[in-house]
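A short write-up of the structure that comes next.
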Amino acid sequence: MNIVRGLRSLAVVAAVGLCACAAVGPDYQRPSAAVPEQYKEMAGWKPIEPKPAASDRAWWSIFADPKLDELERQVEVSNQSLKAAEAAYRQALAIVAESRAGFAPTVTAGASAQRAGQSSAGTTSVQNQFSASLAASWAPDVWGRIRRTVESSVASAQASNADLAAARLSLQATLATDYFELRVADEMKHLFEQTVVGYQAALEITRNQNQAGTAAGTDVITAETLLEGAQAQLIGIGVQRAQLEHAIGTLIGKTPDRFSIEPATLARDVPVAPTGMPSTLLERRPDIAAAERAAAAASAQIGVATAAYYPDVTLSASLGVVGSALGGLLSASNAVWALGSQVAETVVDGGLRRAQVAAARATYDESVASYRQTVLSAFQQVEDQLAALRILEQQSQVQQRAASSAREAVRLTTNQYEAGTVAYTSVVTVQAIALVDEENLLTTLASRLSASVALISALGGGWDAAMLADGSGRSQP
């Protein structure tokens with residue numbers, strides 16, 4: 001029909017005109033940020049055999065702990081906070097689809113049927129009337145308002161995607177840290193169990209010597225006090241372990257009554273992930289990507305606000321048919337059609353558009369500042385953990401020697417006490433020192449493992465900005 005051909009021609013002409021128009025507002029450029037040439041805390045310290053995760057394995061695989069691997073994989077499936085972040089991302093994708101709908105024309109269809117009668121002079125006449133209509137309207141994106149809106153929505157969706165990755169990484173790092181603290185609690189419990197055995201042996205020796213008249217009664221009381229204090233500390237470790245177990249259960253979506261972790265030994269090796277070049281951190285941190293995408297979304301909103309200065313163009317077309325018989329309704333003689341266009345421009349708005357553009361620019365400036373601060377904070381976190389690992393490694397080496405010396409001192413002093421050459425106070429002193437050194441050694445191990453996890457998290461945990469998706473779930477445009 002002529003109306004259909006007219007609509008097609010109108011669409012072609014409008015599309016050509018649309019392609020010739022550029023979107024108003026600034027074209028986004030990634031904001032500059034301060035990036036160091038090298039990590040300061042790497043100078044003079046190289047981790048022994050840094051271990052990157054295999055390409056087909058998650059970042060926590062460098063710890064080679066099957067139980068940790070099992071727990072980490074449950075975070076993705078069961079954690080409710082992660083499900084909330086994933087729902088927020090799906091909402092952002094829906095907004096992208098909503099924005100893209102603005103490119104398409106709006107088409108409406110309608111139909112009606114009416115039967116009317118009229119009585120006159122005892123006779124009644126009945127008349128049927130049928131009608132059908134089809135109308136289309138389209139606001140071509142002449143000034144790029146819709147394009148900028150879609151650009152902003154896509155960037156916001158990418159920011160939400162990065163937020164989801166950041167939330168996932170944070171939960172995974174929290175679980176790994178809790179898990180290692182729990183294993184250190186297991187090691188601490190084992191230490192105090194050995195300590196209790198040693199103190200019991202010392203108490204028996206002291207009692208025997210007291211009965212033989214070679215040790216005072218105060219020595220027996222002191223030995224009993226040491227033993228009971230160690231037993232109390234052994235019991236107290238259970239509180240921390242139980243709380244850590246509950247925390248891990250919550251992270252994987254399980255109630256405490258349905259979750260438990262059997263005690264196990266902890267490997268003393270502390271793997272360190274390679275840091276790479278500082279410049280790569282901008283692509284490896286999901287929070288940096290989220291901040292950068294938020295800046296891109298804010299930049300596009302400047303174009304949306306600027307487009308309000310230009311007139312709105314609307315193209316419309318309609319086709320209708322009216323007839324008294326349904327069978328002949330579609331005949332050409334019954335057709336009514338119309339083509340039209342409309343241009344509307346706001347003349348006076350009391351400064352509204354100017355204020356909206358100024359607000360959009362301020363929002364963009366704010367997002368740029370937030371992006372740059374996020375970058376600075378990211379480098380600080382990496383440097384903090386590099387420093388922690390470097391210093392804690394040195395501390396661990398010294399602590400190892402101190403603990404070894406303390407163990408030897410306990411052995412020698414106990415033998416001397418049994419031989420009657422030293423007082424029991426000497427045994428008490430070296431036992432206390434040995435216990436503190438062993439505790440410090442485990443505490444240092446826990447700190448090193450936590451720093452290793454924190455460094456991996458600060459480096460992005462193997463994430464990459466190329467994983468960002470656009471509104472269709474594809475890699476970013």
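Counting begins at 1 with the first residue of the sequence.
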* Using salt bridge (charged side-chain N to carboxylate O under 4.0 Å, His left out) as the criterion, list what pairs up with R353, not counting sequence neighbours. => E345, D349
* About how many Å separate CG of L93 and CG of N161, when rounded to the nearest 0.5 Å? -> 7.5 Å
Could you go through residues 34-41 and list every donor-acceptor pair under 3.5 Å that involves a side-chain atom there, pairing it with any protein atom two or more places apart or in another chain?
unit_1, atom_1, unit_2, atom_2, d
E41, OE1, R390, NH2, 2.6

* Structure fact -> Rounded to the nearest 0.5 angstrom, the CD-CD1 distance for Q233 and I237 is 7.5 Å
* Structure fact -> Looking only at heavy atoms, the pair that brings L251 and L171 closest together is CD2-CD2, 3.8 Å
* Quick one: which residue pairs count as a ring-ring contact (aromatic ring centres under 6.0 Å, His included) with a foot in residues 154-180, not counting sequence neighbours? => F63-F180
* Asked: Taking Q80 for the side chain and S78 for the main chain, is one N or O donor matched with an acceptor at less than 3.5 Å?
  -> yes
* To do: Kindly write out the residues that satisfy salt bridge (charged side-chain N to carboxylate O under 4.0 Å, His left out) with E151, not counting sequence neighbours, or none if the list is empty.
  => R148
* Listed by chain and number, what are the salt bridge (charged side-chain N to carboxylate O under 4.0 Å, His left out) partners of E245, not counting sequence neighbours? -> R241
* Distance (rounded to the nearest 0.5 Å) between L435 CG and L191 CG -> 6.0 Å
* Is R90 salt-bridged to E86, going by a charged N under 4.0 Å from an acidic O? -> yes
* Please walk me through it: do L68 and L175 pass side-chain contact (heavy atoms from CB on, under 4.5 Å)? -> CA-CA 9 Å; L68 176 62; L175 188 148; 3.9 Å; yes
* R145/D141 salt bridge by N-O under 4.0 Å criterion -> no
* To do: Among residues two or more places apart or on two chains, list those pairs meeting salt bridge (charged side-chain N to carboxylate O under 4.0 Å, His left out) that have a residue in residues 222-237.
  => R207-E224
* Asked: Rounded to the nearest 0.5 Å, how far apart are CE of M277 and CZ of R284?
  -> 11.0 Å
* Structure fact -> Note: Y364 and A298 closest approach over all heavy atoms is CA-CB, 3.7 Å
* Considering residues at least two apart in sequence or located in another chain, which fulfil the ring pair (Phe, Tyr, Trp, His ring centres under 6.0 Å) criterion with Y310? -> W143
* How many angstroms lie between atom CD of Q301 and atom OG of S156, to the nearest 0.5 angstrom? -> 7.5 Å
* Asked: Got R73 and W60 here, is their nearest side-chain heavy-atom distance under 4.5 Å?
  -> yes
* What pairs meet the salt bridge (charged side-chain N to carboxylate O under 4.0 Å, His left out) rule with one or both residues in residues 251-266, with sequence neighbours excluded? -> none
* **F259 side chain reached by H246 side chain, heavy atoms, under 4.5 Å** => no
* Asked: Can you tell if the side chain of Q74 reaches within under 4.5 Å of the side chain of E70, non-hydrogen atoms only?
  -> yes
Run the side-chain donor-acceptor check on residues 444-468: report pairs under 3.5 Å with partners two or more places apart or on a different chain.
unit_1, atom_1, unit_2, atom_2, d
T444, OG1, N440, O, 2.8
S447, OG, T443, O, 3.1
R448, NH1, S396, OG, 3.4
S450, OG, A446, O, 3.0
S452, OG, P271, O, 2.5
D464, OD1, A466, N, 2.9

* Asked: Got V154 and R100 here, is their nearest side-chain heavy-atom distance under 4.5 Å?
  -> yes
* Are E383 and L386 close enough that some pair of their side-chain heavy atoms sits under 4.5 Å apart? -> yes
* When you measure from the side chain of S404 to the backbone N and O of Q400, does any donor-acceptor pair fall under 3.5 Å? -> no
* **More than 12 heavy atoms of other groups within 6.0 Å of Q91 CD** => no
* **Distance-minimising heavy-atom pair for G303 and P26** => N-CD, 4.3 Å
* Asked: Does a sphere of radius 6.0 Å around CZ in R30 hold more than 12 heavy atoms from other residues, nucleotides or ligands, not counting ones at 6.0 Å or beyond?
  -> yes
* Please walk me through it: do E292 and Y28 pass side-chain contact (heavy atoms from CB on, under 4.5 Å)? -> CA-CA 11 Å; E292 187 272 333; Y28 175 72; 2.7 Å; yes
* Check whether any side-chain heavy atom of Y371 sits under 4.5 Å from a side-chain heavy atom of I288, and report yes or no. => yes
* Only counting residues at least two apart or in another chain, list the ones meeting side-chain hydrogen bond (donor to acceptor under 3.5 Å, both in side chains) with Y199. => none
* Using 4.0 Å as the upper bound for N to carboxylate O, is an ion pair formed by E187 and R268? -> yes
* Kindly give the heavy-atom pair with the smallest separation between S160 and A92, and that separation in Å. => CB-CB, 3.9 Å
* Asked: Side chains of T429 and T413: closer than 4.5 Å at any heavy-atom pair?
  -> no
* **Distance-minimising heavy-atom pair for A295 and S367** => CA-OG, 3.3 Å
* **OG1 on T265 to CZ on R183, rounded to 0.5 Å** => 8.0 Å
* Asked: Heavy atoms, side chains only, cut-off 4.5 Å: are V398 and R401 in contact?
  -> yes
* Heavy atoms from other residues, nucleotides or ligands near CD of E366 exceed 12 (cutoff 6.0 Å) -> no
* Exercise: identify the closest heavy-atom pair between I248 and L182 -> CD1-CD1, 4.3 Å
* Main-chain N/O of A166 paired to S170 side chain as donor or acceptor, under 3.5 Å -> no
* Would you sort out whether Y309 and Q356 count as a side-chain contact (heavy atoms from CB on, under 4.5 Å), showing the intermediate values? => CA-CA 11 Å; Y309 279 108; Q356 289 173 333; over 6 Å; no
* Asked: Is there a side-chain contact (heavy atoms from CB on, under 4.5 Å) between L227 and V196 once you walk through the steps?
  -> CA-CA 6 Å; L227 173 61; V196 166; 3.8 Å; yes
* Asked: What pairs with E98 under salt bridge (charged side-chain N to carboxylate O under 4.0 Å, His left out), at least two apart in sequence or on another chain?
  -> none
* **All pairs passing salt bridge (charged side-chain N to carboxylate O under 4.0 Å, His left out) where residues 162-178 contributes a residue, at least two apart** => E76-R168
